[in-house]
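In what follows, a single structure is set out as structure tokens and then discussed.
Only a predicted model underlies this, so the values are computations on that prediction, with no experimental measurement involved.
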Amino acid sequence: MIMIVELFFAFIATVGFGIIINIPHRALVAAGLIGTVAWLIYWAIVNMKLGLALSNLTAAVVIGILSDVAARKMKMPMLIFNIPSLVPLVPGGQAYQMVRNIALGNVAQGVHFLTQVIEITGSIAIGFLLAELLNKLWKKLKAKKASG
């Protein structure tokens, strides 16, 4: 039951942010579904105790691949799907705890949360890079298969 609620709120957060940044209305549901699938993958990997880095990296790769597919199908830029779908993965809680702990004088705990923020954001960036590489590889393989 908790998972269904989390998936629902991942969809709402993605669509809500899409509305805030004014993406086309016809792209909202697709972006919401991409964000929801990414959250599901993130949640599954975190619950397998495989770490924050791998869970965010994998979810970002999924966002990148699904955004490319949606962009081609809907004839829209990939960023329209990438940016809102990323919202459920943003390490806002860790960033808040980092600033809070440093402000309260708990520097060691603040540095711990800073490390998590860097780990998560780095994983997301590398995940998007990997997704782009996989998308280009897929397109090359398709082109090679069509010509040969």
Side-chain angles (χ1 to χ4, degrees), residues 1-102 110 112-148:
M1 181 64 180
I2 291 173
M3 173 129 162
I4 293 170
V5 171
E6 285 190 27
L7 291 173
F8 173 74
F9 281 114
F11 182 84
I12 295 298
T14 303
V15 170
F17 191 73
I19 291 169
I20 289 170
I21 63 170
N22 203 25
I23 68 170
H25 290 344
R26 66 187 183 100
L28 287 172
V29 172
L33 291 174
I34 293 168
T36 304
V37 169
W39 181 256
L40 175 66
I41 289 168
Y42 166 84
W43 187 88
I45 294 173
V46 163
N47 283 317
M48 287 190 277
K49 309 276 191 256
L50 296 176
L52 286 174
L54 183 62
S55 58
N56 280 286
L57 177 95
T58 308
V61 169
V62 167
I63 289 172
I65 291 170
L66 293 179
S67 292
D68 185 61
V69 170
R72 277 189 275 120
K73 280 194 180 262
M74 299 180 83
K75 295 178 177 39
M76 299 175 128
M78 209 167 117
L79 276 176
I80 287 176
F81 304 100
N82 267 357
I83 302 303
S85 301
L86 183 65
V87 168
L89 301 179
V90 171
Q94 287 92 339
Y96 168 78
Q97 288 297 332
M98 174 195 66
V99 172
R100 181 178 178 270
N101 279 292
I102 291 173
H112 168 73
F113 284 111
L114 172 63
T115 322
Q116 283 187 347
V117 169
I118 292 169
E119 179 182 340
I120 292 168
T121 54
S123 296
I124 291 170
I126 292 169
F128 277 152
L129 181 86
L130 286 173
E132 186 62 28
L133 290 172
L134 289 171
N135 287 332
K136 285 184 179 185
L137 179 64
W138 176 255
K139 288 173 189 172
K140 277 188 178 183
L141 288 173
K142 265 177 80 172
K144 193 177 214 180
K145 188 177 178 182
S147 67

Please find the pair of heavy atoms, one from Phe81 and one from Ala27, that lie closest to each other, and give the distance.
CE2-CB, 3.7 Å
I'd like to know if Asp68 and Lys139 make a salt bridge, using a cut-off of under 4.0 Å between side-chain N and carboxylate O.
yes
Value for CD1 (Ile23) from CD1 (Ile80), rounded to nearest 0.5 Å, stands at 6.5 Å
List the steps and the verdict of side-chain contact (heavy atoms from CB on, under 4.5 Å) for Tyr42 and Thr58.
CA-CA 7 Å; Tyr42 166 84; Thr58 308; over 6 Å; no
Closest non-hydrogen atoms of Ala59 and Ala38, given as atom of the first, atom of the second and distance, are CB-O, 3.5 Å
Rounded to the nearest 0.5 Å, what's the gap from CE on Met98 to CD on Gln116? Could you check?
11.0 Å
Rounded to the nearest 0.5 angstrom, the CD1-OG1 distance for Ile63 and Thr14 is 7.5 Å
Without swapping roles, check the side chain of Asn47 against the backbone of Trp43 for a donor-acceptor pair under 3.5 Å.
yes
Drop me the distance from Ile4's CD1 to Glu6's CD, to the nearest 0.5 angstrom.
11.0 Å
Distance-minimising heavy-atom pair for Ala10 and Pro88:
O-CG, 3.9 Å
What's the spacing between Asn82 CG and Ile34 CD1 if we round to 0.5 Å?
8.0 Å
Going from CG on Leu89 to CH2 on Trp39, what distance comes out if it is rounded to the nearest 0.5 angstrom?
7.0 Å
Do Phe113 and Arg100 come close enough that some side-chain heavy atom pair is under 4.5 Å?
no
May I ask you to check whether over 12 heavy atoms, not counting those of Leu141, lie within 6.0 Å of atom CG?
yes
Quick one: are Ile65 and Asn135 in side-chain contact, heavy atoms under 4.5 Å?
yes
Main chain of Leu52, side chain of Ser55: is a donor-acceptor contact present, judged purely on distance under 3.5 Å?
yes
Heavy-atom side-chain proximity of Asn101 to His112 below 4.5 angstrom:
no
Nearest heavy-atom pair of Lys142 and Arg72: which atoms, and what distance?
NZ-NH1, 4.5 Å
Please list every donor-acceptor pair under 3.5 Å in which a side-chain atom of residues 118-132 meets a protein atom from a residue at least two apart or in another chain.
| unit_1 | atom_1 | unit_2 | atom_2 | d |
| --- | --- | --- | --- | --- |
| Glu119 | OE2 | Ala53 | N | 3.2 |
| Thr121 | OG1 | Val117 | O | 2.9 |
| Thr121 | OG1 | Ile118 | O | 3.2 |
| Ser123 | OG | Ala53 | O | 3.3 |
| Ser123 | OG | Glu119 | O | 2.8 |

Please name the pair of heavy atoms, one in Leu40 and one in Leu7, separated by the smallest distance, quoted to 0.1 Å.
CB-CD2, 3.8 Å
Minimum-distance pair of heavy atoms, taken over all atoms of Met74 and Ala30
SD-CB, 4.0 Å
